[in-house]
Amino acid sequence: MSRLLPVYAAAVYAFLYAPLAVLAVFSFNRSRFTVWEGFSLAWYRAAFANRQLVEGAWNSLIIGAAATIGATVIGSLAAYALWKRTSRFTVAALYLSLVTPEIVMGVSLLAFYQWIFRYLDIRLGMHSVILAHVTFCIAYVALVVFARLRTLDPSLEEAAMDLGATEWQAFYRVALPNLTPGIVAGALLAFATSFDDYVITSLVAGVDSETLPMVIYAMARRGVSPAVNAISTVIVLGLGVFILLAQRLQRT
Amino acid sequence: MGRLRTLFLAPAAAWMLALMAAPTAIVCAYSLLTRGTYGGLGAPWTLENYRRLADPLYLSLLAHSFYIAGAATLICLALGFPLALFISRAGPRKHLYLSLVILPFWTSFLVRTYAWMFLLRDTGLVNTVLQTAGLIREPLPLLYNDGAVILGLVYGYLPFMALPIFATLERLDPHVVEASADLGARPLATVMRVVLPLARPGIVAGAVLVFIPCLGAYLTPDLLGGGKSAMIGNLIQNQFTNARDWPFGSAVSLALMAIVMALLYAGLRREGEKLL
């Protein structure tokens with residue numbers, strides 16, 4: 001038992017990592033087939049020369065940055081407010097946004113946009129994607145920041161206010177500096193979530209807002225192109241660094 | 001006192017009202033409408049869309065979704081419980097092993113699904129290796145079936161099982177395990193008859209957290225099932241895109257939401273921990 005458990009665990013870890021490792025290895029394969037023919041960076045060149053992929057990556061970065069800023073501000077403020085006193089509606093709505101299947105949130109937002117757009121002269125585009133992404137990222141930020149707040153002693157703020165600080169000063173000078181690692185961690189997770197989303201994005205995107213996951217999805221459906229392996233490797237490594245950073249921040 | 005709190009809560013409350021509550025209300029309204037010509041919406045208020053859900057065609061799709069999600073949940077448990085047990089006994093390396101479980105979860109779900117397409121398709125790595133080794137002549141049909149979908153879901157949601165189980169194992173009194181050993185139980189007996197029952201809350205939480213996203217999955221059955229293993233999520237997507245029957249799609253969508261809420265209520269009711 002005590003000898004078997006580590007072996008079993010190692011097998012599960014292998015299961016978690018081997019597919020991604022294999023994908024990364026074959027992104028350096030010279031051949032377009034799954035037979036190793038030698039090391040090459042050709043597929044990385046192909047990926048970066050692919051206009052759709054590059055344009056999708058830019059769109060994803062813009063959307064991810066905008067959604068992250070929006071969700072981080074709104075989510076952090078909400079976490080702080082909920083730490084003071086809970087609000088049933090906001091908490092319920094945040095939980096709901098976490099457990100709603102992506103496809104349900106996607107079609108709901110699509111229906112909502114179409115209904116609104118009947119009265120306003122707007123179409124689906126980058127803005128509709130950004131609004132959707134902020135919606136599902138707020139809860140992630142709020143959760144991470146709230147977890148951080150729970151380690152914060154409320155008497156610190158009370159002491160500051162007893163010494164004459166206003167509510168705002170207590171927040172800005174006492175709570176906020178303590179929350180910064182949590183806020184940054186929340187922002188990193190929000191960006192990772194936004195950058196990766198396919199299901200909701202594909203439903204509310206317009207013609208000018210094709211994101212990287214949408215391009216990858218289309219390429220994956222069409223068939224084999226090792227360029228997808230190359231871009232996938234870049235994404236996994238990039239997001240991996242983000243997540244490691246977020247995890248480190250959450251522990252400080 | 002409290003003005004700042006109101007000010008800070010307002011953006012989130014307003015945002016959730018506009019982009020969570022309002023869209024849900026719209027979908028509720030749509031689900032009571034009829035489909036007009038050209039895919040538009042007809043006026044009469046009707047329950048017809050909900051009645052259509054009882055059609056054997058959709059009931060079997062629902063049953064199939066439950067089967068896929070259930071199988072994925074069981075496999076996640078079989079992999080996740082020993083993994084959580086291993087991590088909880090890893091001493092100072094605990095955090096490292098734990099983050100190794102979480103890490104892949106945050107790195108691109110799409111890429112991780114694509115990785116399995118790369119491995120499993122006819123010209124994929126598994127078939128190529130088996131053919132080169134002379135073990136098979138024709139490629140095995142590994143992709144586009146139920147097994148591939150279940151595999152993809154297990155791969156995607158395993159952390160949701162391992163984490164809550166780990167959390168309950170962490171809270172477990174080590175003396176209980178020692179007492180079991182002192183009284184002569186073998187390690188396996190201790191795990192099966194002492195640790196496993198005590199880890200029940202974590203197992204239930206993990207099962208709910210895995211089952212829910214699996215039941216509502218769209219991308220995994222779409223890419224790994226290739227239309228041959230469609231689930232509720234695919235039906236919803238299809239009603240809103242190809243079929244352009246938004247009222248029925250809305251009804252299916254709300255039905256899925258109702259199932260999710262019921263499962264959450266049943267499974268997590270007793271889990272007291274407040275995350276927000």
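Heavy-atom distances place the side chain of A:Y13, and not its backbone, under 4.5 Å from chain B. Proximity to chain B (any heavy atom under 4.5 Å) is shown, for A:L131, by both the backbone and the side chain. Residue A:Y113 touches chain B through its side chain alone, counting heavy-atom pairs closer than 4.5 Å. With a 4.5 angstrom heavy-atom cutoff, A:Q247 touches chain B only via side-chain atoms. For A:V12, the part lying under 4.5 angstrom from a heavy atom of chain B is the side chain only. For A:F171, the part lying near chain B is the side chain, with the backbone staying farther off; criterion is any non-hydrogen pair under 4.5 Å. A:F191 does not touch chain B: none of its heavy atoms, backbone or side chain, sits under 4.5 Å away. Heavy-atom distances place the side chain of A:I138, and not its backbone, under 4.5 Å from chain B. For a residue to count as touching a neighbouring chain, one of its non-hydrogen atoms must lie under 4.5 Å from one of that chain's; by this rule A:V134 touches chain B with backbone and side chain alike.
Between the side chain of B:Y114 and the backbone N or O of A:S232, no donor-acceptor pair lies under 3.5 Å. Judged by distance alone, the side chain of A:Y17 and the main-chain N or O of B:L100 form a donor-acceptor pair under 3.5 Å. Between the side chain of B:R5 and the main chain of A:A81, a donor-acceptor pair closer than 3.5 Å is present.
Ranked by non-hydrogen atom pairs under 4.5 Å with chain B, the options A:A246, A:A93, A:A78, A:P19 are led by A:P19. Note on A:A132, A:G106, A:P213, A:A111: by heavy-atom pairs under 4.5 Å with chain B, the leading option is A:A111. The candidate with the highest count of non-hydrogen atom pairs below 4.5 Å against chain A, out of B:L215, B:L17, B:I232, is B:L17. Contact tally against chain B (heavy-atom pairs below 4.5 Å) for A:I235, A:N229, A:L149: the top residue is A:N229. The candidate from A:L203, A:T193, A:T100 with the greatest count of non-hydrogen atom pairs under 4.5 Å with chain B is A:T100. Of the listed residues (A:V199, A:T166, A:V35), the one with the most heavy-atom contacts under 4.5 Å to chain B is A:V199. Among the candidates B:T128, B:L19, B:V27, the residue making the largest number of heavy-atom pairs closer than 4.5 Å to chain A is B:L19. Between chain A and the residues B:L79, B:T132, B:I87, the most heavy-atom pairs under 4.5 angstrom are made by B:L79. Of the residues considered (B:V252, B:N127, B:L254, B:I236), B:I236 shows the highest number of contacts with chain A, using heavy-atom pairs under 4.5 Å. When the candidates B:G249, B:A21, B:A18 are compared by the number of heavy-atom contacts under 4.5 Å with chain A, B:A18 comes out ahead. Note on B:T24, B:L223, B:I212, B:V260: by heavy-atom pairs under 4.5 Å with chain A, the leading option is B:L223.
Nearest heavy atoms, A:L16 versus B:V101: CD1-CA, 4.3 Å. Closest non-hydrogen pair, A:T135 versus B:M16, comes out as O-CE, 3.5 Å. Here the closest non-hydrogen pair linking B:R121 and A:A220 is NH1-O, 3.8 Å. Taking all atoms of both residues into account, the shortest heavy-atom contact from A:P101 to B:L256 is CG-CD2, 3.9 Å.
To the nearest 0.5 Å, the span separating CD on A:Q250 from OG on B:S99 amounts to 11.0 Å. Atom CG of B:L110 and atom OH of A:Y217 lie 9.5 Å apart (nearest 0.5 Å). With values rounded to the nearest 0.5 angstrom, B:F240 atom CZ is found 9.0 Å from A:I103 atom CD1. How far CZ of B:R112 is from CG of A:L23: 12.5 Å, rounded to the nearest 0.5 Å. Of the inter-residue distances, the one linking A:F89 atom CZ with B:M20 atom CE reads 9.0 Å to the nearest 0.5 angstrom. In this structure, CH2 in B:W15 is found 12.5 Å from OG in A:S97, a value given to the nearest 0.5 Å.
In this structure, A:Y140 has its ring center under 6.0 Å from that of B:W106. Ring centers of A:Y8 and B:F86: at least 6.0 Å apart, outside the cut-off.
Taking the six-membered ring where tryptophan is involved, the planes of A:W168 and B:F8 are perpendicular, since the angle between them exceeds 60° and thus also 30°.
Put simply, the residue from B:L188, B:L85, B:V191 that forms a side chain to side chain contact (heavy atoms under 4.5 Å, CB included) with A:L5 is B:L85.
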